[in-house]
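Each remark here refers to the structure printed beneath this line.
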Amino acid sequence: MTFRARHLLGIEHLHPVEITTVLDLADSYVDLNRGARKHGDALAGLTQINMFFENSTRTQASFELAGKRLGADVMNMSMQASSIKKGETLIDTAMTLNAMHPDLLVVRHPQSGAVNLLAEKVNCAVLNAGDGRHEHPTQALLDALTIRRAKGRLHRLTVAICGDIAHSRVARSNILLLGKMESRIRLIGPPTLIPAGAQDWGVEVFDDMKAGLEGADVVMMLRLQKERMDGGFIPSEREYYHRFGLDAEKLAHAREDAIVMHPGPMNRGVEIDGTLADDINRSVIQEQVEMGVAVRMAAMDLLARNLVADNAAGVMA
Amino acid sequence: MSLLFTNARLIDPERGELREGDLLVSGGVIQPDGTDRKAAAVINCAGMCLAPGIVDIGVKVSEPGERHKESFRSAGRAAAAGGITTMVTRPDTDPPIDTPEVLEFVTRRARADSPVRVLHMAALTKGRAGREMTEIGFLRDAGAVAFTDCDRVVEDTKVFARALTYARSLGALVIAHPQDPGLSRGACTTSGKFASLRGLPAVTPMAERMALDRDMALVEMTGARYHADQITTARSLPALERAKRNGLDVTAGVGIHHLTLNELDVGDYRTFFKIKPPLRSEDDRKAMVAALASGLIDVLCSMHTPQDEESKRLPFEEAASGAVGLQTLLPAAMRLVHSGDIDLPTLWRALSLNPARRLGLPAGRLSPGAPADLVLFDPDAPFLLDRFTLASKSKNTPFDGQRMEGQVTGTWVAGERVFTR
């Protein structure tokens with residue numbers, strides 16, 4: 001077994017071999033998903049609960065589809081409308097769900113570290129679907145799969161991650177993953193949106209977009225997270241677009257074959273030019289969405305195998 | 001009744017020495033050498049350390065309001081077991097101690113239940129809201145030894161300046177928590193590589209320096225007596241040094257956790273390591289240890305802050321701040337001795353003599369006439385800390401499961417034994 005993790009809480013604790021294992025399996029699920037009959041049975045008989053404490057359409061749909069295509073019984077719980085509002089603590093909610101014996105728990109939560117806390121209290125495998133500003137591991141894995149399929153490798157690439165790094169869990173997971181796979185990472189953004197201490201992460205930091213994009217193989221744009229900002233990180237959206245929005249002129253500084261990525265949902269005309277986002281020769285944004293389903297199928301498949309193996313060992317012991 | 005401690009290693013912070021010898025106690029006070037010893041009961045210290053009891057400024061006893069977290073009885077027992085003979089309590093209770101009536105209540109509760117001495121601080125502003133000063137005169141007459149809004153900063157400089165001016169006229173000590181309110185809003189970690197990786201809201205260490213600079217200017221203006229409750233970053237030290245050199249009546253303290261832990265101890269969101277101000281970098285920790293050893297930082301305290309399991313079993317940002325420390329202050333401080341960073345008499349200046357002097361108390365000394373508030377401990381005795389053995393009602397210690405050295409075997413208050421191991 002080359003994937004040993006019990007939960008997928010972040011990229012931080014994954015080994016490069018584990019990352020490659022997920023991506024290799026995901027590749028095979030891409031083929032399955034492109035076929036006429038899209039059904040596997042890797043998760044048959046298992047129960048998957050999607051617990052979203054924060055609004056999400058895309059990620060939740062992706063996880064739901066991934067589970068269903070592998071035969072899991074999938075339940076969605078929108079936690080914003082539920083018992084949390086009645087004062088129940090996160091731990092109590094987790095214990096209640098745990099008593100229903102789910103096998104896979106997919107959790108998104110607005111607080112950094114909340115998914116780690118929850119994972120300590122339940123018996124099933126927990127997948128982090130994004131916690132606060134901390135990590136979003138399946139997003140980094142799907143980005144990696146997209147890059148690997150476009151560029152043929154993950155090492156020795158120059159990847160520019162641009163925009164609102166400070167509020168982005170996507171950026172953190174991508175920095176960790178690409179660093180483990182030995183790519184060169186550049187962070188580009190206004191200094192107010194670059195987290196303190198970022199220069200100690202083994203990355204290069206730029207506040208000039210053109211300089212930062214010079215020779216990049218991959219240009220990863222981030223959404224400006226207006227809902228996480230409590231005022232005054234940038235002077236205005238139009239100034240932000242002028243200095244840090246990706247358009248054809250700025251992209252010309254990257255390599256000719258550089259791909260453009262965005263985790264979605266996009267603010268067109270704020271961080272990325274709409275025409276560029278739709279340019280099928282440069283943008284792989286639609287492919288990212290496709291890879292998302294395959295990567296989540298692979299991650300849940302591998303976690304379920306470990307879970308089944310653990311349970312069998314438990315019965316024997 | 002007389003007590004004779006024999007064969008002790010006496011820690012004398014006043015004379016700055018560690019010596020072998022005997023100590024005679026009678027009538028609740030320490031007696032001069034050469035006094036008749038015949039009638040005394042003998043306690044053979046077997047070479048263990050005998051020191052003035054610790055005077056701990058800034059203990060949170062959760063009465064009134066949250067007695068399930070800590071009461072005067074449980075805090076007093078924990079203090080006795082930790083070698084603390086005087087607890088100086090914080091007014092950040094619910095309701096806050098901001099009127100003579102509430103102060104009278106806690107004074108009565110403490111007297112009835114605590115085996116160690118308890119002195120109380122009162123709020124500087126009503127409701128700790130930072131708008132109107134409390135009845136500083138009445139509160140002082142009722143026994144308040146200092147005035148503080150605890151971790152709340154009086155943001156309005158005019159209000160703070162007036163309170164300092166008024167307090168000065170009464171000779172009252174004001175204790176403040178230097179932290180720039182704007183920069184620190186919402187923060188639960190210290191900014192840097194670690195906090196950013198964890199995705200937690202963070203505050204720059206500069207926020208402490210900025211607030212200390214402001215306070216030093218106001219102290220210079222008003223001539224008030226001022227103590228900074230916790231100085232935790234290297235950047236604050238030059239400002240503190242300058243203020244002292246210029247003759248301002250300023251002292252500073254630090255909590256034991258900032259001397260023995262750093263920001264990385266938070267690890268994967270361990271909320272028992274969430275304290276206020278947040279744990280700092282290793283560079284800052286080392287600078288604080290050096291400042292304590294040099295005497296620039298005057299006072300070492302436990303910053304005892306009980307929190308129940310419910311308020312800690314939450315996502316890191318939502319979890320309550322604070323750690324219990326009454327029983328772990330002494331063994332944790334012994335880490336600094338064992339690492340060679342500080343010697344015992346210097347450590348005891350910060351634990352006992354300096355806080356006593358700052359509050360005008362006769363404690364903290366081994367001289368004849370000083371109160372017989374004493375702690376007997378083995379500085380080298382190792383143990384594994386199990387948080388459920390603590391006497392505090394709350395068990396939120398960051399040292400759970402850690403190896404520690406330094407065990408208290410006896411504590412005396414006014415010559416009466418209040419703790420026996």
Side-chain angles (χ1 to χ4, degrees), chain A residues 7 9-13 53 84 87-95 107 109-121 128 130-136 165-173 175-176 179 187 193-203 205 225 228-232, chain B residues 180-208 233 235 262-274 277-284 307-321 396 400-401:
Chain A
H7 305 296
L9 301 179
I11 300 297
E12 188 180 358
H13 299 297
F53 293 88
I84 288 292
E88 190 177 64
T89 67
L90 180 63
I91 302 275
D92 288 336
T93 308
M95 299 307 284
V107 187
H109 198 280
Q111 300 269 351
S112 303
V115 184
N116 296 52
L117 177 69
L118 203 143
E120 287 171 18
K121 309 292 174 189
N128 181 0
D131 63 324
R133 300 188 262 173
H134 178 220
E135 281 229 44
H136 191 353
I165 317 276
H167 298 97
S168 175
R169 53 198 175 211
V170 175
R172 281 170 181 74
S173 287
I175 290 164
L176 289 166
L187 305 182
L193 292 176
I194 301 286
Q199 60 285 354
D200 300 329
W201 287 352
V203 299
V205 178
Q225 304 221 19
R228 285 183 202 281
M229 295 187 181
D230 49 355
Chain B
D180 182 77
L183 284 174
S184 59
R185 191 161 295 131
C188 59
T189 50
T190 302
S191 66
K193 177 185 172 182
F194 177 76
S196 295
L197 266 182
R198 286 285 173 273
L200 293 170
V203 57
T204 165
M206 196 59 99
E208 183 179 289
T233 74
R235 287 181 189 280
N262 69 28
E263 56 183 352
L264 301 181
D265 285 304
V266 168
D268 278 333
Y269 305 98
R270 296 194 291 172
T271 56
F272 279 17
F273 292 82
K274 181 178 178 181
L279 289 171
R280 305 301 193 180
S281 69
E282 178 63 6
D283 287 346
D284 277 335
Q307 299 289 2
D308 56 17
E309 304 288 304
E310 268 61 48
S311 52
K312 284 287 187 185
R313 285 204 328 178
L314 291 169
F316 197 85
E317 264 184 80
E318 291 172 17
S321 297
N396 54 310
D400 184 41

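Model, not experiment: these values are computed from the prediction.
Under the salt bridge (charged side-chain N to carboxylate O under 4.0 Å, His left out) criterion, B:Glu318 pairs with no residue at all, not counting sequence neighbours. Taking the side-chain hydrogen bond (donor to acceptor under 3.5 Å, both in side chains) definition, one finds that A:Arg172 meets it with nothing, sequence neighbours left out.
Each of A:Leu117, A:Asn116, A:Leu118, A:Thr89 was compared with B:Pro315 under the side chain to side chain contact (heavy atoms under 4.5 Å, CB included) criterion, and only A:Leu117 meets it.
Open room surrounds CZ on B:Arg235; 12 or fewer heavy atoms of other groups in view lie less than 6.0 Å from it.
Within the 4.5 Å cutoff, the side chain of B:Lys193 has no heavy atoms near those of the A:Gln199 side chain. Side chains of B:Phe316 and A:Gln111 form no contact here, defined as non-hydrogen atoms less than 4.5 Å apart.
For the pair A:Glu12 and B:Arg198, the salt-bridge criterion is met [side-chain N within less than 4.0 Å of a carboxylate O].
The heavy-atom pair separating A:Arg133 from B:Leu200 by the smallest distance is NH2-C, 4.0 Å. Heavy-atom minimum distance, B:Ser191 versus A:Ala196: CB-CB, 4.0 Å.
Taken from CG in B:Leu314 to CD1 in A:Ile91, the straight-line distance is 7.5 Å, to the nearest 0.5 Å.
Counting heavy-atom pairs closer than 4.5 Å to chain A, the top-ranked of the candidates B:Ala195, B:Gly186, B:Ser196 is B:Ser196.
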